[in-house]
Structure formats: C-alpha cells, structure tokens
Protein chains: 2
Amino acid sequence: MSRLAKERYAVMIEKLKRSGLKSTPQRLAIMRVLSENKEHPSVEAINKRLQKKFPGISQATVYRNIMLIKSLGEVLEIGFAGGGSRYDGRKPYSHPHVVCLECGKIIDPELASLRDMTREIAAGSGFEIKSFRLDFFGLCPACRNRK
Amino acid sequence: MSRLAKERYAVMIEKLKRSGLKSTPQRLAIMRVLSENKEHPSVEAINKRLQKKFPGISQATVYRNIMLIKSLGEVLEIGFAGGGSRYDGRKPYSHPHVVCLECGKIIDPELASLRDMTREIAAGSGFEIKSFRLDFFGLCPACRNRK
DNA sequence: TCGCAATTGATAATCATTATCAATTATGAA
DNA sequence: TTCATAATTGATAATGATTATCAATTGCGA
C-alpha cells in the first residue's frame, strides 16, 4: 500500500467514524480499493476486484457505499452520459482527465495552463463556481498503434 | 432568424441533402430549432417548442433526428450522467460551458486561457486528442441572488 | 402518377442506477 | 459478555432516460 493510498484510506476511515455510521467489512474493503486503485475503476471493476475477498458481494452494496463515500466528499465521480461512471478515490476533487475512446483507459494529465481558468470563468460569467469537469477524448498510445 | 441561425440551418440542410435522406417537415423543424435556440435545449424542450407547429410530434422523432443531425456533425451533444442531454446546434464543436446547478441554465463563456490546452495534453500524454469537454458548475447570478 | 425506401407515432425493450425489504450484523450500554 | 436496536447487506423490483420495433404514412425519383 503506497503512502498516498494509506493516507487516503485513513482519511476515509476518519470521516466514516465521525459520521457515526458502521464499519462493515464490505465498506472498508470498498474504501481500500478506492484508495489504492489508480485506474479510475467502474462499479463493475470494483465489484470484480472484491469477489476474491467477498464472494457474492452485491452490486447494490458497491453502489450504496460509493454513494456514501461520495457524500463524505472522499471520492470523485466521473459520470458519462451513457452510464458506466468511473471513480477516483485518490484525488477526490475536480481535475482533468484524458479518456481513451477505444479501451476506456483514463489518466490524470499534467496541465499547467489550467491555473486561473476557474477564476477567469467566475469573473466573466458572474457565476459562483463550485466545481468543474475537464475531459479530453482520444486514442491512447496503445490503441493508436493497434490501428 | 439571425445571421448565424440562417447559416447554421443552411449547413444542416446542405448536409442532409448530400446524405440522400428525406426532408420531412418534422426534421426541418427540428433543425430550425437547433439553429435558432441559444439555450442549449433538451429533447423535452425541443419537443415542447415544436408542439405548436406539430401537435403530437413524438419524442421518438425528436430523439431520432437529433441522433441523425449528430451523425452529420451538426449538433453538439452535452450529455450528463443522470440523463437529460442538452444540445447546441449553433456551435457543433468542443467548447466550454458554464452550468447552473440550481436552474440548469447553460451559457458559453469566454475563456482566453483555453488556447493551447489540447496541444499540451496531446504532447504530455501521447494521446491523439479528438475532442474535449469542459464544464464549470455553479450558481448563476439569478440563483445566487435568490438565496 | 407510381413504387418503394425512409420516416413517423406509438409503444415495448433496454440498461444503468436506485429503492425496497426481510434477514443479518456492528456497536454501545448494561 | 449479552442485549437491544439501528444500520447494513443481498436479492430483487422499480425507475427513467434513451433506443429499438413495427405497422401505417410520406417524400421523392422514375
């Protein structure tokens, strides 16, 4: 477990305790997966990952716990129009993503020119900005070569 | 009908003819709404707008024609995780939006710092970038005051 | 004017997500 | 440690936007 994963897991546990809700094995395992997994896993991927430790864990349980963790502010939901949301428990705040249209791979890119965008938008539109979503869609290196 | 609306409508008609498909009254009316409407209308909004001219027009017809126009590359779909996609027939290419979390209003902001973002992402990630999606979420001036 | 493929309206099907509910379990007090 | 009880789970039904299906209608070229 990496330094970041440990820290993320600890924060989730802390928030869970403060909320007064229960620490079930399934819940803790889901938090662990979200803390460790860098692939921006889907509900299906998380469920699959947990089948070893919890054979027969319900999809409903995964959905419910992700909802809870989201309400605690400890996971970022990356939703798409057609369904199949992806989750980022390591950086639970707005940040850009690059999505492969072919294989679904998602990475967190560097983006220096992001700096003052939100400020610029707020100033120009009069909106009070709470969050943003920035996705780039294309073909990852592997899928480019495969063509 | 504004200059832009006329032009957008003409382009859609042109592409439609080149595709060999039929020019039905419903189809033309949907193109007209997409060309004129600046509110990034939803399917429901488009349908409502058309009820005057086409009482009883089917939701399915609106969905189908939007799909067609999208395949012609003449409307931008702004989809959201929970459904309720919005459509922009005036700027059918990637551009940023500001979305009000309260009333659903969507505007097209100015954003100078957008410039070389796509290029920067492509260079840094190795992806071949095809499109992007940039949304800012917050409260519009009207909804801010209402609080 | 005809013939036919495309289109429409009505409606059923799909599918990810959410809600429901009986059985089980975590947790704090005695 | 045992109990009481509210929270949680697993199974499954419900939801709701979007898509597919199909018989009847219509645009359009010959």
query = Under 30°, 30 to 60°, or over 60°: which ring-plane class applies to A/Phe132 and B/Phe136, parallel, tilted or perpendicular?
reply = tilted
message = Whole angstroms only, please: what is the CD-C1' distance between A/Gln59 and C/dA19?
response = 16 Å
request  = Using the closest heavy atom to pick a nucleotide of DNA chain C for each, name whichever of A/Glu77 or B/Gly20 lands nearer the 5' end.
outcome  = B/Gly20
request  = Dump the intermediate steps for salt bridge (charged side-chain N to carboxylate O under 4.0 Å, His left out) on A/Asp116 and A/Arg119, then the final yes or no.
outcome  = CA-CA 5 Å; A/Asp116 308 309; A/Arg119 198 171 1 226; 2.5 Å; yes
inquiry  = Using a heavy-atom cut-off of 4.0 Å across all strands, would you classify A/Pro55 as base, sugar-phosphate, or nothing?
reply    = nothing
message = In whole Å, I'd like the distance from the CG atom of B/Asn65 to the C1' atom of C/dG9.
response = 13 Å
ask   = For B/Gln51 and C/dT8, what is the distance between atoms CD and C1' respectively, to the nearest whole Å?
value = 14 Å
task = Would you classify A/Gln26 as touching base, sugar-phosphate or nothing, given that sugar-phosphate means primed atoms plus P, OP1 and OP2, and contacts are heavy atoms under 4.0 Å?
result = sugar-phosphate
task = Would you mind telling me which of D/dA20, D/dT12, D/dT8 lies closest to the side-chain atoms of A/Ala60?
result = D/dT12
ask   = Is B/Thr61 near enough to C/dG9 that one of its side-chain N or O atoms lies under 4.0 angstrom from OP1 or OP2?
value = yes
ask   = Are any of B/Tyr63's side-chain N or O atoms less than 4.0 Å away from OP1 or OP2 of D/dT18?
value = yes
query = Of the nucleotides D/dA7, C/dT7, D/dT19, which one has an atom closest to the side chain of B/Met67?
reply = D/dT19
message = Rounding to an integer number of Å, can you tell me how far A/Ile46 CD1 sits from C/dA16 P?
response = 15 Å
ask   = Is a donor on one side and an acceptor on the other found under 3.5 Å between the side chain of B/Gln51 and the backbone of B/Gly56?
value = yes
query = When the distance from NZ of B/Lys17 to C1' of C/dA6 is rounded to whole Å, what number comes out?
reply = 17 Å
message = Can you tell me if A/Ser85 touches the phosphate of C/dA16, counting only side-chain N or O atoms and a distance under 4.0 Å to OP1 or OP2?
response = no
key: Distance test, side-chain N/O of B/Thr24 to OP1/OP2 of C/dT8, below 4.0 Å   = yes
task = Might you point out which heavy atoms bring B/Glu110 and A/Ile121 nearest each other, and give the distance in Å?
result = O-CD1, 3.9 Å
remark   = Of the candidates C/dT18, D/dA11, D/dC28, the side chain of A/Ser58 sits closest to D/dA11
remark   = In whole angstroms, the gap separating P of D/dT9 from NZ of A/Lys53 amounts to 16 Å
Point-to-point distance, once rounded to the nearest 0.5 Å, from CD1 of B/Ile30 to CE of B/Met12 = 11.0 Å
note = Assert: residue with more 5' nearest nucleotide on DNA chain C, out of A/Leu21 and A/Gly84, is A/Gly84
task = Would you kindly give the CZ-to-P distance between B/Arg64 and C/dG9, to the nearest whole Å?
result = 8 Å
task = Please work out if A/Arg27 contacts a base, only the sugar-phosphate, or nothing of the nucleic acid, heavy-atom cut-off 4.0 Å.
result = sugar-phosphate
Length of the line joining B/Ile66:CD1 and C/dT7:P, which is rounded to integer Å = 16 Å
